[in-house]
Each structure stands twice: as C-alpha cells, then as structure tokens.
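A, B, ... follow the sequence lines: proteins, then strands. Residue 1 opens every chain.
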Amino acid sequence: MIEKNYQPADIEARMSVVWEDSLAFKAGRPDRRDAVPFTIVIPPPNVTGSLHMGHALNNTLQDILCRFERMRGRDVLWQPGTDHAGIATQMVVERQLMERQQPSRREMGREKFLERVWQWKAESGDTIINQLKRLGASCDWSRERFTMDEGLSKAVVKVFVELHRDGLIYKDKRLVNWDTKLLTAISDLEVQQTEVKGHLWYLRYPIEGKTFNPEDPSSFIVVATTRPETMLGDTGVAVHPEDERYLKLVGKNVILPLVGRKIQIVADDYSDPEKGSGAVKITPAHDFNDFEVGNRHGLRRISVIDREGCLDLVDNEDYLRELPEGASQFAEEFHKVDRFAARKRIVERLESFGFVERIEPHTHMVPHGDRSGTVIEPYLTDQWYVDAKTLAKPAIAAVRSGETSFVPKNWEKTYFDWMENIQPWCISRQLWWGHQIPAWYGPDGKVFVAETEEEAISHALGYYVEQEVITAEQGREMALDRNKREGFITRDEDVLDTWFSSALWPFSTLGWPDDTPEVQRYYPTNALVTGFDIIFFWVARMMMMGLHFMKEVPFSTIYIHALVRDEKGAKMSKSKGNVIDPLNLIDEYGADALRFTLAAMAAQGRDIKLATSRVEGYRNFATKLWNASRFAEMNHCAVPDGFEPAKAKETLNRWIAHESAHTTREVTEAIEAYRFNDAAGSIYRFVWNVYCDWYVELAKPVLLGPDGPAKDETRAMVAWARDEILKLLHPFMPFITEELWEVTAQRDGLLALAPWPLKPAEPTPEQLAMLAAAAGPTDPLVSPMLAMPIFDHADFTDPKAEAEIGWVIDLVTQIRSVRAEMNIPPATLTALVLAGASAETRERAPRWTDVIKRMARLSDISFADRAPDGAVQLLVRGEVAALPLKGVIDVAAERTRLDKEIGKADADIKRAESKLANEKFIANAAEEVVEEEREKREAALARKAKLLEALERLKQAT
RNA sequence: GGGCACGUAGCUCAGCGGGAGAGCACUACCUUGACAUGGUAGGGGUCACAGGUUCGAUCCCUGUCGUGCCCA
C-alpha cells in the first residue's frame, strides 16, 4: 500500500537499511561470479571532512554509473574509503588542542599527539561515510579503506622502497616551497599564486673601488627588487648580456650595502632589460629563479631566513663568511626579526645611507600556502623527491594512445601541458600525521631505505662493518641485542605527502602488494569520476604509479565533471558564506531530488550554478511519480505473469510500449556517453509529459469503464510502464524507486539488482578480435563501438500507434487551446464536429470518444460533410475539427484568429518557396533537405486552403 | 603574458549547419475521483557585437567587447 504523501526522509531511512541488510552493493556476489566486473574507486574524501556540494555531485555521478552497470548485470565494485589528509587533519586537531587549552602538539610529543589524531579519526571518521550513505551511494561498504590502514601503509612503504631502489626517489638539497606557519615543505601544487599590491624598491649597490655618492650614478648600480629584506643573502647582481648600459660593469664587483659582502655582476638572460632598472639582485637561497642563475654562475647560496620566516644571522657561518669588521653587530641587531618587519627596517636603514633611489607601487604575484594562507618562503633544505619526469612518460603515452581517455576530451590538453613540463615532486613533509618515511640514518648520516627497521639495521650494520666503523664482533652483538644498537640508526622524522598514498588508491585498496583475487579481478578500474581541480594532484599521479607498479593504466575513462558554484556563479567557500550544505537540501527535499538536480545540471564542460528552485522542482517530480503510482495502485494495476508488452492489442497500450522503448534507448545511450543531463531530461519528459500527462489520462476511461480484455490489458500496461520507469529512474532516484518497487508488487528481489530494460551485448568473437588488434579500450562493454545492444523489448516500435495517439493528442490540445482563447469556461461543454473526415479518422474517432470528450470537455462528437455555420474550425493533421459555437463566440475574434493562422501559413509557404526557388539550394543541399522543404510547402499550402475555406464559411454564417 | 571555457527567455541552464527549448518565475482560468509539491492555456528571445565561409549560421572560422577558471 502506497502512503498518501511522499515523505522522502522516511523512505530514505528505511531503504538505506534494506540495502545494507541485503548486502546489495557487495562486489563479487555469488550470482555475479561470471559477470564482467565494473570498478570505480571513490575519490577518498578527507577522513575528518564533511559532505559538501562537490562531493554530492561527484558521488551522485559515480552512483549513477554503478547502479546502471549493476542493473546491467555486471559485478560492480565501487570501492569506498577515506584519506588521512595529512596537513588538513593535523591542523584540525592542533586547533582543537588550542581551543580546549590543552598542551600543544610539541608539548605532548609525537607519540601522544598521534594517539590523539587517531582518536579524533575514530570519533569523526564515520561522519562523511554516513553522509555518503545518506546520499544513496552504493559503495561496497564492507570494503571501506583508509589511506593509513595497515594494508595501504604496506603498499606505501613498498612503493617508496622500490622507487628509491630504482633511483626514482632521491634526497636532494634544493629550494622548496616552505610554509613558515606550518613549518613544512609543500609541493608546487599546494602553492597558490595570489596577486598582491606591493612595491618595487630601486636600490643602489656601490661599485667596488669607487666612492659611493648618491649623486654620482657611476659610483653604483641600481637593482630593482620586490623583496629588499633578502638582500642580506645576495651573492650576485645580474644584467642582460646584451644590455649596453651595463656591459662594461659585467665581471666587476659591488659592495652589498649594510652587509659589506663583495658580490659579482654577472651577465644572464634572466635579467629583463625592460623590467625595473634592468639589473636584478641575485639571492640564490631565497628565490627559485635566482637559484638557477646562481647555479649557472657558481654563486654562493646564503640562507638568511629561518624556518619560521625570521632573519637568521647570528652564528650563521654562510652569512658571516668573508664579512668585514663590524658585521656581527649588524647581525645581532637584525637577528630573529620577522621577514616583514625586517623588510621595513632594512629599507629604512638603506634610505638613511642614500641606498634607496626610489620606490614604486607594484602589483605582483606572491606565493601563498593553500592551507595556511601564509606567504611561502623559498627555503633551502634537504627533502625527498620523486623523479616525476621519468614516471610521467608512460602516463603521457597512455593518454596519447587512447588507452585512457578523458571525457570531455579537452582536459587532455591540460593533462599533457602539465605532464610534459612536470617538475620533481617534493614528497617529504615536516608533519607528524602521515606515513613516516621508511628511511634511517646511520651515525654519519648515511641513508638506509628499507621496508622495516630490522631490515634497515641489518643493512646499516653490514655497511659499517665493511667501512670498519664498527668491528664485525660489535656488529654481531648489535644485531642480536636490541639494547646494544639503541640509537645507532635513527628514523627520518618526516612523513609523506598525502597524495603519495592517494596515488596508489586504485590498487592499494584491492590488497596490493599482495596478489589478491581482487587485484586480479578489479584492476584496472573502468572509470574515474572527479573534478578538474585534482587532475594534477591525484589523477596524474595515479596514472604514473599505476603504470609503474601494475604495468597497466589505472582506469580507462576519466570523467571530469564541473565545479558546483552558487547561484551567482561564485565558488562556494566558507569565508564567503555562500556554501549550500547538501545535507540541508537532503533534509528539505530529499536525497533523490538533490541527486536528480545534480545529474540534470551536469552538462559536460560547464560549471553548475545551483539554484534551490531546481531542487524543489525535482522534488515535485518525485511527488508526481509517487502519485501516479498511487493511481495505478488504486486501479488495481499489476503486471500478470508472462505479460508481453509487444503483444498488446490496444493502440494506447502499444503506444506507451513504443514510447517506453524509445526512452529506454535514450537513457541508456546517454549514460553510456556520460551525458547525465540528457539521460535525466529524457526520463523526466517520459514520466511527466508522456506517462502522466497523456498515457494515464487517456487510459482513465478504460480503467474506469466496464471490465473486459481491454481493461485487463490496460491495467497490466499501466503497471508495466511504471516498472520500466522505476528501472530507468533508479540510478538517479534510488530511494523513491526502490520504495515504490517494493510496495507496488510482490518482487523477486531488489530494484537495485533488477535487470536494466536494455541489455548490453556480449561482444562477438569478431569484435573481440578487432579489439585485440586495435589494442584500444580494454572495456568492451562500455566502449561505444561495441555497445551494440541486444534489444529485448527496447527495439519495439509501432509507428501506427504513434500516429493515432498523436492525432488524439493534437486534437485535444488544439480544442483546449481554442477554448482558452475564446474564454469558454471549463464548465461549458461544447460539441465537436469532424468535418469531411477521412476514412482513417472515421475509423479512429469512435475508439477515442470517451477520452476526447473528457479531456477536451465536449458534450458530443459527430461527423459531417462540412463544418456547421458559425463554427470555430480547427485544422488537426490536415482535417477540419469544428466546434459549433454559434452565438457563443465572437465572430470578429474568430476571424482575427483565422487570419492570424493564415498569416502563419503564408509565412511558411513563402520561406519554403524562396528556398526552393534558389537554384543553388536545389543544387547543393542534401536531397532529404530539399524533399523536406517540398513537403513543408505542400503541407502549408494545404493548411492555407483549408483555413481560407473556414474563413469563407464563417463569413457566410454572418 | 600563455592556455581553456563561457556570453541563448526575468533567473538557472540545455541545444547546435536546415523553422529557437526545459525548469523556475510571470499572467489567466481550474479544488474534474493520482497529484494545488497539481491541471489547462498563455506572454516572453535581432541566440553579446562585427566580419567571413556556406544555397543556408544561434551553431563553423576570424576579430572585438564582457565574464570565469588554470598556468607563468
């Protein structure tokens, strides 16, 4: 029994339990053992996060694919899980500690702090998972993974050790993006360039051997800089090799103001003669470009800023080397001054000595940390790097060859551009929460990379015995006795970039490095569904790691969806306060409505500006379906055993079977092509504008009429078409459809596992051979080329039924329209006269008398040779339908109406004729197009003739 | 500066070489036995602008203006 009102919250709560209890989403169900697998790995959300609109969209689309393929009979694995999100999570917990005025991370120490983070993960880790369940995500929840699980950690260590062994991971001292607030290195991708209004300072650097005089330009060279405080670390000045202004100065030295260091003027292309003064100061330890210039000219690197962004001068050997007397006093004065305060003070000091020529306002891009928001400091440290350039090569080739393809295709360009210019990937982070790097250091700092500490110590002992640092005897003792080797080697404190473990997600979640049945069966995965913002962070790295370790691409299709924005097109962000919480929408309108909205708006290549009114509209759509199902129930509609829609006798029933088959094809093809919006639009139209608006209405007289074969068949067909709707709609609106499926009939099983109305074809041997030869997409069932369906009922067509029902619809629509135009009240019934009707119409009409009378509010339908005098005359598919309204209608108004109609016909005739008169059109246009134009002309001419006749009759009547 | 999108009804968006579409909003009428979270009918657009290609351009090309995003 269907409840009177559609209450999404009740249904959704109940269906979640039903699915969970029946293990509906479990991969590898026994009944699917022989089925072709279909795999998607979820983009793992941050374990401490909560569901935002982007997740809602992302997971809705994945769920549509998974539910669709599950219904098509495949063994679906939608692999769920969460990401430990190193920096983000550590920040959350640290903030908590601060708010609760508890000991800080450093005060409590690494071990205690990590315990604390795990505790927080245990408390909040279920939040997002439960939210995904509320959305209806049909993941195999029994397989949930976490990037810091034991198994996944094992994969991480293995990958690190192997890449290190192969020389693809290495340690290097170079400039990194340093976050002075979080006190860690971050990767290029985590840096956001932000436009900042700053200044360009023009500084005078005195030339060696000349007496500095601010009035004498030959006594100094002017350099322009945006960061005057880094001048303390300058080790050169660069000018362009072809810049004639400075040619004779190249090779000479300048004396660094305030510091007294002697530095060289070098010629380098990096200096842009158009910019600033054409001369730039070179600070290799604090600027990426300067670092390169320094390398080219063998300039020293002097770090003058510490990890917290303060000047670091006292006891700084690099800084103090070769400085004149008195330099240490200056160092003490500025030591530990914050970089921005130092900027001000140094400029003041320079000004007081006349070293500042001028200051210009200057807008430029300044790097900021995406998490901390603080200005990133290029900082010289030892970090671990991945040789991304080498790993990128196969990843580029795989997309070039089409083994993996992007949908929409234009993202491939973005992918190639980035991959072809890829930089070494800095993977070490000075954090505590994450995978600790499996590297140990011996007493002299030598690195031993190994999967376990035992392994590392054995390598180390072997090495140091060989090096005669320890004796063989000592080595043996230390190997045997844990206490004796205590502190001999120490583990690298750093952890890995979160994205390092995410990069392994498509195979680590399946149990790799163990050779599990899941790895065999579900790798490579079929589709990856994600937003463009993580193509670099995640997609590219999965491609690299997948190809390197599995020798196969991780997925054959990468579907890139849009960003969800607010109604005005602004990116949703907490700081702007324009965030729409998907859970609020679910509470208010139901998960089905939200899902349908997102799917309907997910047109390729376009951002989604979410308007709540759309969600409301689709909630109404769900209500409509609910009520239509109630109607079917009230009329005892049920599908009898062995019912075959294609064998229906009644035209109306054949028509809905025809329309249903058409919709099935449309929806199926659209989902296969990732055109979610088209699929949603197609099913929406079918449910509302075909099934509800016409089929059910046209069926009412039969259902309310006397019992008999026609009524039996109609009851069956109403229920059958409803079931087809439930199936087609299920991937989009799983809750309401599953509920209706359950309550409308005795079922063999869940709708989630019911067969899709249109089955994919098994590839033929020829197709398989073709596939092997082409070495193309590895997934025959989703490859468009091979998706030649075996139709069951979906190839059913009945043009005759379509024509007949089309006539009924046109007739009713036109009568309604003219009634409204003539202001005939709904309560007034009118008669209908079919004038000069064809044999076909005379045969058809009696079948629809009840329906037409009911829907067009008629008292009677009759035939006549010609329309009665003073009647309103309509042209329906070329024949006259007359409403004798003498006395009721305004004759003048009717004449105006007819004139307008004639005008339209004239316009059509004119358009068609001008085209047909054009020789070039006849010569060049396709034959069908020309023929179509002729038909249009004939139809319009006929229409006009009839209308003129009608007008004539009207005149006679008055 | 380079790249990628996008300017279509009041709003949010589809469409895309052969007569402009949806939802919401709006107007009028309707509580008819699934549904007022509804029904019926209707108004509303030189498809940003200017050139070009074509028998034919909202659609393809070029340019201009405007908007957004990504990378330097």
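- Picking from B:U37, B:C4, B:G18 the nucleotide with the shortest atom distance to the side chain of A:N620 gives B:U37.
- In terms of heavy atoms, A:A632 sits closest to A:R722 at CB-NH1, 4.2 Å.
- Donor-acceptor pairing under 3.5 Å is lacking for the side chains of A:Q814 and A:S817.
- Spacing between B:U27 and B:G10 at atom C1', rounded to whole Å, works out to 14 Å.
- Taking the C1' atoms as reference points, B:A9 lies 37 Å from B:C71, given to the whole Å.
- Across all strands shown, B:U31 has no partner, as no Watson-Crick or G-U wobble contact with both distances under 3.5 Å is found.
- Between B:C47 and B:U8, the distance separating the two C1' atoms is 4 Å to the nearest Å.
- The gap from the P atom of B:A22 to that of B:G45 amounts to 15 Å, rounded to the nearest Å.
- Between the P atoms of B:G39 and B:G33, the separation comes to 15 Å (whole Å).
- B:C13 and B:A5 have their C1' atoms separated by 16 Å, given to the nearest Å.
- Screening residues 816-830 of chain A for salt bridge (charged side-chain N to carboxylate O under 4.0 Å, His left out) gives no qualifying pairs among residues at least two apart or on separate chains.
- If you check distances only, the side chain of A:R816 never reaches the base of B:U40 with a donor-acceptor pair under 3.5 Å.
- Annotation: A:K389, atom NZ; neighbour count of heavy atoms from other residues, nucleotides and ligands within 6.0 Å does not exceed 12.
- At a cut-off of 3.5 angstrom, the base of B:A28 holds no donor-acceptor pair with the side chain of A:E821.
- The nearest whole Å value for the distance from the CH2 atom in A:W411 to the P atom in B:C69 is 13 Å.
- One can place CZ of A:R685 at 8 Å from C1' of B:A22, the figure rounded to the nearest angstrom.
- Annotation: of the two residues near RNA chain B, A:K915 and A:M634, the 5′-most nearest-nucleotide partner is A:K915.
- On the C1' atoms, B:U58 is 8 Å away from B:A20, given to the nearest whole Å.
- Comparing B:U62 with B:C6, their P atoms sit 14 Å apart, to the nearest whole Å.
- Contact of A:K624 with B:C35 (side chain to base): a donor-acceptor pair of N or O atoms is detected under 3.5 Å.
- Between A:T414 and the phosphate of B:G3, there is no side-chain N or O to OP1/OP2 separation shorter than 4.0 Å.
- Taking the side chain of A:C692 as heavy atoms from C-beta on, and the options B:A72, B:A34, B:G3, the nearest nucleotide is B:A34.
- A salt bridge is defined here as a Lys NZ or Arg NE, NH1 or NH2 lying under 4.0 Å from an Asp or Glu carboxylate O, and A:K936 with A:E933 meets this definition.
- In this structure, CD of A:Q423 is placed 14 Å from P of B:C71, rounded to the nearest angstrom.
- Between the base of B:A5 and the side chain of A:K413 there is no donor-acceptor pair shorter than 3.5 Å.
- Within a 6.0 Å radius of CD in A:E3, other residues, nucleotides and ligands contribute 12 heavy atoms or fewer.
- Base pairing of B:G23 is made with B:C11, judged by Watson-Crick or G-U wobble geometry with both donor-acceptor distances under 3.5 Å.
- Looking at heavy-atom distances under 4.0 Å, A:E697 makes contact with a base.
- Residue A:K4 has no polar side-chain atom (N or O) positioned under 4.0 Å from OP1 or OP2 of B:A34.
- Across every strand in view, B:C4 sits in a pair with B:G68 that passes the Watson-Crick or G-U test at under 3.5 angstrom.
- To the nearest angstrom, C1' of B:A36 lies 11 Å from CG of A:N627.
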